[in-house]
Protein chains: 2
Amino acid sequence: MNNKAEKRREQILRAAFQAVSEKGFHSVTLQDIADYADVSKGVTSYYFQNKEDVFRHLLEWVTEKIYKNEHAAISKEHTAPDKLRAYVHAAFANPSDNRKFYRVYLEFLAQANHNEQFRDTNDRFYENCWSIGREIIQLGQKEGTFANVDIDKASYTIRALIDGSLIQWLMQNNDQLHTFYRDNCLETLSNYLTNKNNQNSN
Amino acid sequence: MNNKAEKRREQILRAAFQAVSEKGFHSVTLQDIADYADVSKGVTSYYFQNKEDVFRHLLEWVTEKIYKNEHAAISKEHTAPDKLRAYVHAAFANPSDNRKFYRVYLEFLAQANHNEQFRDTNDRFYENCWSIGREIIQLGQKEGTFANVDIDKASYTIRALIDGSLIQWLMQNNDQLHTFYRDNCLETLSNYLTNKNNQNSN
DNA sequence: AATATAATTTTGACCGGTCAGAATAAAATA
DNA sequence: TATTTTATTCTGACCGGTCAAAATTATATT
């Protein structure tokens, strides 16, 4: 049945994810994916058109999962500062998961420059991230807890700082720094959004 | 003489840079590098141990050039706010150069997770970036124009926001947004460093 | 200066190895 | 039995690295 096929596909995507995180995007072979999924080589070709098709779905799957996780996190909170904290904490997750995720994500970002499909998928991911940012900021401004910053600009800034911090953290092989970067990120964003001097000058 | 050999090596590095920016890290072959450098395939092997050696030197060459450029830019200015502006403007450079550079740099970052040499080189680059940040912040605090933020934290934040902004910009194929992201980045950093509420709580 | 010799640099064909994709067959399942 | 899944093998393309020979440049000799 369809459900079972869907299970297989996810099994393969998980395997591909693991393979990419350990071996790196380009050194992953169809055989690797099959090995990690504990199936034979032909299965991947049966469920996906080719290797690129696997990766395309993998990027979609991963970014979708991240977005849903982050969105769920902020939905549990009710004030803007709480949502902001929840967002940053969700984005940073825990060191080992996040290291794995960002390794893979970074490879896709690098590839996106030469692959329009990846770029499109990432655009949708960005849109989702920005929408989270906007939601938080709008609430904060309605509450009166946040300054009257330009909402779009600020939503870009939020994601830029999160990604920039995580990449910087990723490049140091030191999980200790995870909470440091997370808290610094949150603190900076809190001050940025709260500071009444940051008024929208438009 | 030695000088001529050095010329050749740089010629090859430039070719490799061009090749990576156009074709992507992993699809670049020794033949590609030779083609871009307008020499035969064997030359690269004559001047470098192997392909990886070329890439290692390429990353060093590129990051060194970037750092020197940024450092030169802030050295021309005398006040902290001016240095900050100069730094951000240097980091953003111009759209086409920066797109090329960040494409290549992003590929190296992705690779760094599986390549210790790349990671080491990037660590040195980060150190240089942070030192620029620290220099600016220290001056600003001495001048009294900047708030008493934690200098290390702030230097990480500065680079994180620059990198995060540039990557986000890179993923949109729109050079128009270049000044938008640059100015937003600078504005955010200015406010962050100037805001007297951002006091170091240690 | 002209020629011969040596050193350096460049070339491109070649080899061993790898991989994606295709083809095929065998086994399992319903 | 028909369909799905797994296992195995083949093939053609491609790449990194090698290296002998060619070309060029530098040096020595007369």
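Everything quoted here is computed from the prediction, not taken from an experiment. Throughout, protein chains are lettered first and strands after them, A, B, ... in sequence-line order, and every chain is numbered starting at 1.
Neither side chain, B/Gln172 nor A/Tyr126, offers a donor N or O lying under 3.5 Å from an acceptor on the other. With no hydrogens or angles considered, a side-chain donor-acceptor pair links A/Tyr181 and A/Gln168 at under 3.5 Å.
The shortest distance between the side-chain N/O atoms of B/Arg8 and the OP1/OP2 oxygens of C/dT8 is not below 4.0 Å. One finds a side-chain N or O of B/Tyr46 lying less than 4.0 angstrom from the OP1 or OP2 phosphate oxygen of C/dT9. Phosphate contact (OP1/OP2 of D/dT4, side-chain N/O of A/Tyr47, threshold under 4.0 Å): absent. Of the side-chain N and O atoms in B/Ser40, one or more sit less than 4.0 angstrom from OP1 or OP2 of C/dT11. Contact annotation: A/Lys51 side-chain N/O to C/dA20 OP1/OP2 distance is under 4.0 Å.
We find that CZ of A/Phe48 is positioned 16 Å from C1' of C/dA20, with the value rounded to whole Å. At whole-Å resolution of the value, CG in B/Asp53 and C1' in D/dG17 are 14 Å apart. The distance between atom CG of B/Asn50 and atom C1' of D/dT18, rounded to the nearest whole Å, is 13 Å. Nucleotide C/dA20 holds its C1' atom 15 Å from the CD atom of A/Gln49, rounded to whole Å. The NZ-C1' distance, from A/Lys7 to D/dT4, rounds to 18 Å in whole Å. Separating the NE2 atom of B/His26 from the P atom of D/dC15 is a distance of 13 Å, rounded to the nearest angstrom. A/Glu52 has its CD atom 13 Å from the C1' atom of C/dA20, to the nearest Å. To the nearest angstrom, P of C/dT11 lies 11 Å from CG of B/Asp35.
Looking at heavy-atom distances under 4.0 Å, A/Val54 makes no contact with the nucleic acid at all. Heavy atoms of A/Gly42 sit nowhere under 4.0 angstrom from any nucleic acid atom. Residue-level contact check: A/Val43 touches the backbone only, with heavy atoms under 4.0 Å from sugar-phosphate atoms and none from bases.
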Expected list for residues 43-51 of chain B: side-chain donor-acceptor pairs under 3.5 angstrom, two or more places apart:
unit_1	atom_1	unit_2	atom_2	d
B/Asn50	OD1	B/Glu52	N	3.3
B/Asn50	OD1	B/Asp53	N	2.9
B/Lys51	NZ	B/Val28	O	2.8

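For residues 64-77 of chain A, the salt bridge (charged side-chain N to carboxylate O under 4.0 Å, His left out) pairs, not counting sequence neighbours, are A/Glu70-A/Arg159.
Taking 4.0 Å as the cut-off between side-chain N and carboxylate O, A/Glu60 and A/Arg56 do not count as a salt-bridged pair.
The side chain of A/Thr29 has C/dC19 as its nearest neighbour among C/dC19, D/dT9, C/dG12. Here C/dA22 is the nucleotide among C/dC14, C/dT11, C/dA22 with the atom lying nearest to any side-chain atom of A/Lys41.
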